[in-house]
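One structure is given below, encoded as structure tokens.
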Amino acid sequence: MSRENVLVSAAWSEENLQTPGVVFAEVDEDTTAYDGGHIPGAVKIDWKNELQDPIRRDFVDREGFEKLLSAKGISNDDTVILYGGNNNWFAAYAYWYFKLYGHNDVKLLDGGRKKWELDGRPLDKEEVVRPTTSYSAQEQDLSIRAFRDEVVDSIGNKNLVDVRSPDEFSGKLLAPAHLPQEQAQRGGHIPSAVNVPWSKAANEDGTFKSDDELREIYAEAGFDGSRKTIAYCRIGERSSHTWFALRELLGHEDVKNYDGSWTEYGSLVGVPIELGSGKEA
Amino acid sequence: MSNGCGAPTQGGSIDVSTTETVLEGKVLNDGTPVGGAFVRLLDSTGEFTAEVVSSPEGDFRFFAAPGSWTVRALHKTGNGQADVSASGPGVHAVEIAVA
């Protein structure tokens, strides 16, 4: 896997806004940013209301994904360029999700909305309507999705990469510092996990660090390239960002995202939890 | 609040419980509020902790912990940063000038 196959620059994107077969999609949990101005021609995907099942804690099913992409006017042959706010967390989540359902050609806009805005590139409020398509999705590719039992079985034998902030990892905080701390589950991390905050993989402007820098960051944290890997965070979006760095940029083959993440693990009865920084003294 | 980890809309007022340490303030350029700036909370070692987008009135807010912090704002018109020391729970005010 090379960077050019999975990542495009803001400059490339601006030059390809009109290119047939290239569809831009903004993905966020809070879509008010899109409504206030988006990349010209980009469709909106609402992470919460369109990608999550409204009742169960799970994704929309295969049929639901087909229906969604058909309605958005995305076809199987399109190159889909995903971007969003929050340093592309939700766009990275959507990227993983598109891969899960077998979309062939999907890429992230490096730096997402932040880089685009900092560059002063154009945004508009035009309503984007694309002709409906007939999208056909694959069964979920479970080689990139981890569930709780596998996570518990992986303690001590796979790389468990906890990408939350050090204070969430240690058990001091239960959510990122831009959110109130009201969660009910226990604090801490999965035993044997290494803590590499997602932000280590990103530059200040939201773009990904170079492959060399990324390799060094994970090696320094004790990431073992010969082992299989599961990444997790609180709900699975920050870890999609790291999943992208490890699998799509660095080319590690067996990397899964645990979308249940800490909100599931930290609420399970009877599973082991480790507190503190996790580093041997 | 939403179930996700995304940064909420900034601004407005909140009830701060007696246990929370809140850092809040405005991003300003020559005294004029700067909306749409990317405001980053860095810990005492300079490590990234959280990021929000300032409201149209330039407001930002973090739920942190007692200690020394740096708030850094990025905007297409310029960047800037300020240090803030939170001695304990409560609301701690800080302004960031960008240029």
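Convention: sequence-line order gives letters A, B, ...; per-chain numbering from 1.
Chosen from E237(A), Q52(A), E117(A), E204(A), the residue pairing most often with chain B at heavy-atom distances under 4.5 Å is E204(A). Interface check for chain A: of the options R72(B), Q10(B), R61(B), the most heavy-atom pairs under 4.5 Å are formed by R72(B). Among G206(A), P197(A), S199(A), the residue with the largest count of heavy-atom pairs under 4.5 Å with chain B is S199(A).
Proximity to chain A involves both the backbone and the side chain of L74(B), based on heavy atoms less than 4.5 angstrom apart. In this structure, chain B has no heavy atom under 4.5 Å from any part of W116(A). Looking at F62(B), the atoms closer than 4.5 Å to chain A (heavy atoms on both sides) sit in the backbone and in the side chain alike.
Closest approach of A146(A) and Y258(A) over heavy atoms only: O-CD1, 3.4 Å. Pairing each heavy atom of A221(A) with each of V194(A), the nearest pair is O-CG1, 3.3 Å. Smallest separation of non-hydrogen atoms from V98(B) and A73(B): CG1-CB, 3.8 Å.
For the pair L249(A) and F244(A), the minimum side-chain heavy-atom distance is below 4.5 Å. A heavy-atom distance below 4.5 Å is found between the side chains of P176(A) and E168(A). Side chains of I190(A) and D162(A) form no contact here, defined as non-hydrogen atoms less than 4.5 Å apart.
The environment of K200(A) atom NZ is sparse: at most 12 non-hydrogen atoms of other residues, nucleotides or ligands sit within 6.0 angstrom.
Proximity to chain A among residues 47-57 of chain B is limited to E47(B), F48(B), T49(B), A50(B), E51(B), V52(B), judged by heavy-atom separations below 4.5 angstrom.
Note on ring orientation: taking the six-membered ring where Trp is involved, the planes of F59(A) and Y97(A) are tilted (angle from 30° to 60°).
Geometrically, R234(A) does not engage W262(A) in a cation-pi contact defined by less than 6.0 Å to the ring centre and at most 45° from the axis.
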